[in-house]
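None of these values were measured; they are calculated from a predicted model.
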Amino acid sequence: MQMTFVLGVHRSGTSLLTAGLHHAGCPLGHFQNHTNPDNPKGEFEHGDIVAFNDRLLTHLGASWDNWGFDATALDPGGADLRPWRDQAADLLARAFEGQSRAALKDPRMATLLPFWNAVLGDLGWKGRHILVIRPPADVALSQVQRAARRPHGFPVITDTESMCALWAVTMHTVLAALGTGPVLVLRHAALYDAPRRTIAACADHLGLAPDPERLVEFETRHLDPSLRRARGTAETEAPGRWHDLARRIYDDAVPEGDSALRDGDWGARIAAKQTDLHAALPLLPAVHRSIGTLRARFDALEAAPAAGAMPPPAPDPAPPPPRGILARLLGR
């Protein structure tokens, strides 16, 4: 079995890329494609695998938006994770039963890549990777827009700098965990600017022979340029330190053209170059714990009405805004 992990930070186009692989004839296993306002064309995810990843992250004191969680420090071979690896292997075996090659997408796979690579080893499956890279400023802007559309859905990341931090930590994890096998690296923009050529390159990487008419269908019927709502500019880029760290990784990793096939220890070399990020990594456990506590309290509040618990008390009314000097002088 050849399993391809579609990798990318949240809001990086992994859903669009996986749709392209589907049109290129790559099996995606047994699943139902769900749509939502953020992905009106579908997520192309396995709901049970996404739910498993969320449970595993919770077990690790983390969540998809916990940018303090550094999976490069994770020991997938530890006794604590052995039952989780067994469950994950069973999930994959059932979701892809009867298939000799397939692709799997969930942005949480990037966060947990060391774990899932170990699961492939447990199954004796051959692993492939396709990595789509979107500029961190665009990703951050996309997340800020999503949080604005759903203000109660994102308690952790609503600003650009936090999303740039998640981008940097996640990409460092992916690059360090890619291993020595071949990885196809794509520019996010190539999915819009040269969709057929880009998906054809993915098909070649996976040993597929796509139907040209299906690639045309992907470009003309599935691809919707209006959904490319976040394109960072000098005005929207976060000026903070995490944006700088993320941008350095982007500049080192993004291909010069639409795509590039990388081999050997390319990812490990890029990860090793990020010395300024390495200096920040020892500080992340405190962030991890703080965000984990915030997430746990948020989830408990969200679950309270369903459990019949009393709703949280209403916040104190906001104090009136301070009056300006002119208003005070006029007695208003």
Side-chain angles (χ1 to χ4, degrees), residues 1-29 31 33 39 41-46 49 92 95-96 99-107 109-110 113 116-117 120 125-135 138-139 171 174-175 177-225 227-228 250 253-264 266-267 270:
M1 171 65 168
Q2 175 180 288
M3 172 57 70
T4 299
F5 289 149
V6 177
L7 302 171
V9 182
H10 288 265
R11 315 307 299 160
S12 290
T14 53
S15 296
L16 179 59
L17 171 56
T18 308
L21 296 180
H22 173 64
H23 282 78
C26 183
L28 302 180
F31 76 108
N33 189 31
N39 289 292
K41 296 283 187 170
E43 296 177 316
F44 293 87
E45 294 176 346
H46 289 254
I49 294 177
L92 289 186
F96 298 95
Q99 297 177 346
S100 60
R101 70 180 71 210
L104 175 62
K105 171 259 175 182
D106 173 13
M109 305 291 292
L113 187 56
W116 281 102
N117 281 341
L120 289 188
W125 291 4
K126 180 180 179 181
R128 286 285 178 107
H129 302 97
I130 299 179
L131 172 62
V132 57
I133 304 181
R134 187 180 189 184
D138 288 14
V139 169
M171 279 295 299
V174 169
L175 292 168
L178 282 174
T180 58
V183 54
L184 184 66
V185 186
L186 310 177
R187 284 182 180 266
H188 170 266
L191 292 169
Y192 289 92
D193 299 338
R196 272 184 280 175
R197 183 171 69 238
T198 302
I199 298 302
C202 295
D204 183 65
H205 175 55
L206 302 183
L208 301 171
D211 180 349
E213 292 185 3
R214 289 282 286 158
L215 297 185
V216 172
E217 180 182 342
F218 169 71
E219 180 177 18
T220 59
R221 297 183 61 182
H222 184 91
L223 185 67
D224 184 354
L227 297 177
R228 192 181 180 188
Y250 176 84
V254 72
E256 293 183 3
D258 294 337
S259 64
L261 185 63
R262 306 300 189 189
D263 210 337
W266 168 80
I270 298 297

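Ring geometry for F44 against F31 counts as tilted: the plane angle lies between 30° and 60°, on a 0 to 90° scale. Ring orientation note: the planes of H129 and F5 are tilted relative to one another, at an angle of 30° to 60°. In this structure, Y192 and H188 have tilted ring planes: the angle between them lies in the 30° to 60° band.
L104 CG to I49 CD1: the interatomic distance, rounded to the nearest 0.5 Å, is 4.5 Å. A distance of 9.0 Å separates CE of M171 from CD1 of I270, quoted to the nearest 0.5 Å. To the nearest 0.5 Å, the span separating NE2 on H46 from NZ on K105 amounts to 11.0 Å.
Taking the charged nitrogens against the carboxylate oxygens, R228 and D193 do have a contact shorter than 4.0 Å, which makes a salt bridge. A salt bridge does not link K41 with D224: every distance from a Lys NZ or Arg NE/NH1/NH2 to an Asp or Glu carboxylate oxygen is 4.0 Å or more.
Looking at every heavy atom in both residues, L206 comes nearest to Q2 through O-NE2, 3.5 Å. Scanning all heavy atoms of the two residues, the minimum distance from G20 to I199 falls at O-CG2, 3.3 Å. Residues A103 and V6 approach most closely at CB-CG2, 4.4 Å, considering heavy atoms. The two residues N39 and S15 have their closest heavy-atom pair at OD1-OG, 3.6 Å.
Partner of H23 under the side-chain contact (heavy atoms from CB on, under 4.5 Å) criterion, out of R196, E213, R214: R214 alone.
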